[in-house]
There are 2 protein chains.
Amino acid sequence: MKNTIKINRARLGLTQADLAVKVQVSRQTINAMELGKYAPSTILSLKLSDIFDVPVNELFMLEEGDWQ
Amino acid sequence: MKNTIKINRARLGLTQADLAVKVQVSRQTINAMELGKYAPSTILSLKLSDIFDVPVNELFMLEEGDWQ
DNA sequence: TCATAAAGTAAAAAACATTTTACATTTGAA
DNA sequence: TTCAAATGTAAAATGTTTTTTACTTTATGA
């Protein structure tokens with residue numbers, strides 16, 4: 001799964017730590033997510049969608065491998 | 001978190017079991033999700049979005065309690 | 001350059017999603 | 001009304017996300 005978190009975070013001029021506070025997770029969760037190390041929960045996606053004012057489908061996109 | 005899975009599934013005339021096969025999870029996962037027993041992963045949300053051709057933000061919506 | 005903020009990394013533990021098996025309840029059509 | 005399909009439920013096991021602590025590396029401004 002790809003994501004555009006880093007781009008959107010930069011657009012708002014937020015650090016990973018800033019964003020972590022806003023969506024109420026740890027800074028490492030934001031870091032790992034940006035690096036594609038795992039797929040977050042839908043609740044977290046919706047919170048990011050809310051903060052960025054961008055649809056979830058524009059924040060996260062399925063890749064080939066995600067369907068196996 | 002609220003969801004409109006049941007409505008969208010009915011729209012396509014699929015059973016929980018049918019949908020489970022399409023998004024590659026167990027029937028119980030679909031059932032529990034429809035009943036709001038837990039929040040699925042973003043990958044699963046995106047797969048449902050794809051099958052239903054409906055944005056994730058229209059399938060799942062945050063509620064008051066989700067921000068604490 | 002040097003100090004500091006920001007980002008990246010790691011490992012263990014906690015919390016939560018998902019599977020599996022199995023059974024109970026509801027619904028709808030014959 | 002009856003049978004089967006669909007849905008709901010539960011508990012244990014497994015896999016994955018998230019937290020926490022702590023350290024390393026990179027970028028940036030004074």
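Any value given below was found using the heavy atoms of this structure, including those in side chains, with hydrogens, waters and symmetry copies removed. Residue numbers begin at 1 in each chain, while the letters A, B, ... track the order of the sequences. Because the structure is predicted, anything quoted here is derived from the model rather than measured.
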Quick check: is Ile51(A) connected to Met61(B) through a chain of hydrophobic side chains (ILVMFWY, heavy atoms under 4.5 Å apart)?
no

Do you see a donor-acceptor pair shorter than 3.5 Å between the side chains of Ser45(A) and Thr42(A)?
no

CZ (Phe60(A)) and OG (Ser49(A)) are apart, to the nearest 0.5 Å, by 9.5 Å

Nearest heavy-atom contact between Met1(B) and Asp66(B) is N-OD2, 3.0 Å

Expressed in angstrom and rounded to an integer, what is the separation of Ile30(B) atom CD1 from dT19(C) atom C1'?
13 Å

Within-4.5 Å side-chain heavy-atom neighbours: Leu44(B) and Met33(B)
yes

Contact check, residues 53-63 of chain B vs DNA chain D, heavy-atom distance under 4.0 Å, returns none

Contact class for Thr15(A) vs. all strands (heavy atom < 4.0 Å): base, sugar-phosphate, or nothing?
sugar-phosphate

Rounded to whole Å, NZ of Lys6(A) lies from P of dA6(C) at a distance of 14 Å

Which protein N or O atoms sit under 3.5 Å from an N or O of nucleotides 9-15 of chain C?
none

Could you tell me the separation between the CG atom of Leu19(A) and the P atom of dA7(C), rounded to a whole number of Å?
10 Å

N/O donor-acceptor pair under 3.5 Å between Gln16(A) side chain and Ile30(A) backbone
no

Whether Asp18(A) side chain and Thr15(A) backbone form a donor-acceptor pair below 3.5 Å:
yes

Using a 4.0 Å heavy-atom cut-off, does Ser41(B) contact any base of the nucleic acid, only the sugar-phosphate backbone, or nothing at all?
sugar-phosphate

Nearest 0.5 angstrom please: Leu46(B) CG to Glu63(A) CD, how far?
11.0 Å

Mapping Gln16(B) and Ile43(B) onto DNA chain D by nearest heavy atom, which one lands closer to the 5' end?
Gln16(B)

Tell me: NZ of Lys47(B) to P of dA17(C), nearest whole Å?
17 Å

Please list, in 5' to 3' order, the outermost nucleotides of DNA chain D lying under 4.0 Å from any heavy atom of chain A.
dT17(D) to dA22(D)

Is there a path of hydrophobic side-chain contacts, each under 4.5 Å between heavy atoms of I/L/V/M/F/W/Y residues, joining Ile5(B) to Leu12(B)?
yes

Among Val54(A), Val56(A), Leu19(A), the one residue meeting side chain to side chain contact (heavy atoms under 4.5 Å, CB included) with Leu48(A)
Leu19(A)

Validation row: Glu58(B), Phe52(B) side chains within 4.5 angstrom (heavy atoms):
no

To the nearest angstrom, the CG-C1' distance between Leu12(A) and dA6(C) comes to 17 Å

Closest to the 5' end of DNA chain D, once Asp18(B) and Met33(A) are matched to their nearest nucleotides, is Asp18(B)

